[in-house]
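Quantities reported herein were computed from a predicted structural model and do not represent experimental measurements. As the structure lists them, so they are numbered: ligands from 1, and atoms in each ligand from 1.
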Amino acid sequence: MAESVAQVKQQIEDAQTDFLARFPGYRKTALLDELRATEYRRLDERGQVYLDYTGGSLYAESQIQKHFELMRSGVLGNPHSANPASTAMTEHVERTRRAVLRYFNARPEDYILVFTQNASAALKLVGESFPFAPGSRFLLTFDNHNSVNGIREFALAKDASVNYAPLLIPDLRLDAARLERMLDEADPAHPNLFAFPAQSNFSGVKHPLEIVASAQSKGWSVLLDAAAYVPTNRLDLSAVRPDFVTLSFYKMFGHPTGVGALLIRRTALPNLKRPWFAGGTVNFASVQGQAHVLSPNEAAFEDGTLNYLSIPAVEIGLRHIESIGIETIAERVRCLTGWLLEELLALRHGNGRAMVRIYGPAGTEARGGTVTLNLYDPQGHLLDYRRVEELAGEEGISLRTGCFCNPGAGEMAEGLTEEDMRAGLTLGEEINLLSFVRMMQERGHKSAGAIRASIGLATNFADVWRFLRFVAGFRDQTRLTIGDVSFDIESCRIIRDGS
Ligand SMILES: Cc1ncc(COP(=O)(O)O)c(C=O)c1O
């Protein structure tokens, strides 16, 4: 017999009492429950459980209203002209630029801020402008997003060497000793770039930010990909001073999409060389003289027209986060993640076998709210994560599955070897996540891809409880009993190169 709404409510309340006893810090985040009932009420109105904050955060209603009001009332034109509509817009853009620098505690004497389309565009700007040359190195951690992995193509094209710093299984943290040795290998006479995510979008691991200064002292410029870190953590650029920082604002506060940032430390600026120029980036360009002079500072990196109408929404979003307090968000995410991890790991089939395998740390120490996992049947066989996503969707639960554009962390977590990856590549043009998964299953029942549940500022206890109950529903289920998936993911997977 189906449970009544009252019964489910009672079950949630009982579970929450237990949760609060284990994670008392959650009580201090009650403000977010108020906002959930107002700013994010659409979640409960629609009975939706949103657990893809690492994919993108959710916006508060008031952000949209404020942005709408600004656009409704302002006469706003393309910036950088002298007319009133343009001047008004330029003022909004520049004020937002200052607000972002302030938010990250980056003094304008130390950093410039380039508005980009997203984190990937910011990463590409670094890749194409960094003076890679023969003898220089590009070092990056295994758990980088593909938009960081892609920088290796710029490095290789300029005959720099590319190396990956490995992670340790099962926690997927950096092998500190190995990294130290790899950092020592740089010749400081050449331009060397070290890139790592402040927080992994695969495992949720937060890498120690002390590596930034340590790498710099060994002759490396450091690129900190902060895209998955800043939505739930404070990044203080007066304390940690990477040469480059990349992020997307929608991951922090949901709206706007289409705006990201590249922060460049002023000391790193003179070394960068843009490979082209565009409208907006030059002080002077001549057709007959075939010459151009780039504009100084951020203007040299902002190609063409900015997404100017969206940019003021960034300041609105930052103010929203500040009104809650990033520490409050961090504490809430920590408590909910801790409970979720403990409960998932405790799930057992009737025969006593674990139902869930988690890729990454099992506790909340130096990890964020991204929980990546796979489900297994009572015989230890993997359940198809795409089918799990599909079934979750039927219950209004939004998860992410696949490799999350983070192939290296997946390869390590899932025990895929270089040989496996080379075998996959023999599929040639036929390779995609689906054909690769099939091949890995045949080659030893390995998995390629996983399920990701990520927690963010609007998540509440009931969301996590509902997800957990959904997962518990796979007790004693098998591939046959859960049925077949009705969609395919043909997605990213690239292989390690040059290491
Ligand atoms: C760690 C990390 N870096 C970079 C990106 C790329 O961000 P975008 O797709 O907004 O360019 C993402 C997106 O998921 C990410 O999680």
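Here the side chains of L139 and N192 are not in contact, with every heavy-atom distance at 4.5 Å or above.
A donor-acceptor pair is defined here as one N or O able to donate and one able to accept, closer than 3.5 Å; such a pair exists between the side chain of E390 and the backbone of S486.
Under 4.0 Å is where a charged nitrogen must lie from a carboxylate oxygen, and between R319 and E315 at least one such pair does. Here D110 does not pair with R266 in a salt bridge; the nearest charged N to carboxylate O distance is not below 4.0 Å.
Residue-to-ligand polar distances place Y250 within reach of ligand 1: an N/O pair is separated by less than 3.5 Å. In terms of polar-atom proximity, defined here as any N/O pair under 3.5 Å, Q199 makes no such contact with ligand 1.
The residue among P231, S120, A121, A228 with a heavy atom at the shortest distance from atom 11 (O) of ligand 1 is S120. Relative to atom 1 (C) of ligand 1, the option among L247, T246, D225 with the closest non-hydrogen atom is D225.
In A227, the part holding a heavy atom less than 4.0 Å from any atom of ligand 1 is the side chain. The parts of A119 lying near ligand 1 are both backbone and side chain, judged by heavy-atom distances below 4.0 Å.
Within the 6.0 Å centre-distance limit, the rings of F461 and W339 are counted as a close aromatic pair.
For R152 and F138, the positive end is not near the middle of the six-membered ring at less than 6.0 Å and at most 45° from its axis. Figure legend: R42 and Y59 shown as a cation-pi pair, the cationic atom lying under 6.0 angstrom from the six-membered ring centre and within 45 degrees of its axis.
Residue contact annotation: Q117 has no non-hydrogen atom under 4.0 Å from ligand 1.
The single protein non-hydrogen atom nearest to atom 12 (C) of ligand 1 is H145 CD2, 3.2 Å, given as residue, atom name and distance. Nearest protein neighbour of atom 16 (O) of ligand 1, counting heavy atoms only, is N201 CB, 3.2 Å. For atom 14 (O) of ligand 1, the nearest protein heavy atom (residue, atom name, distance) is K251 NZ, 2.7 Å.
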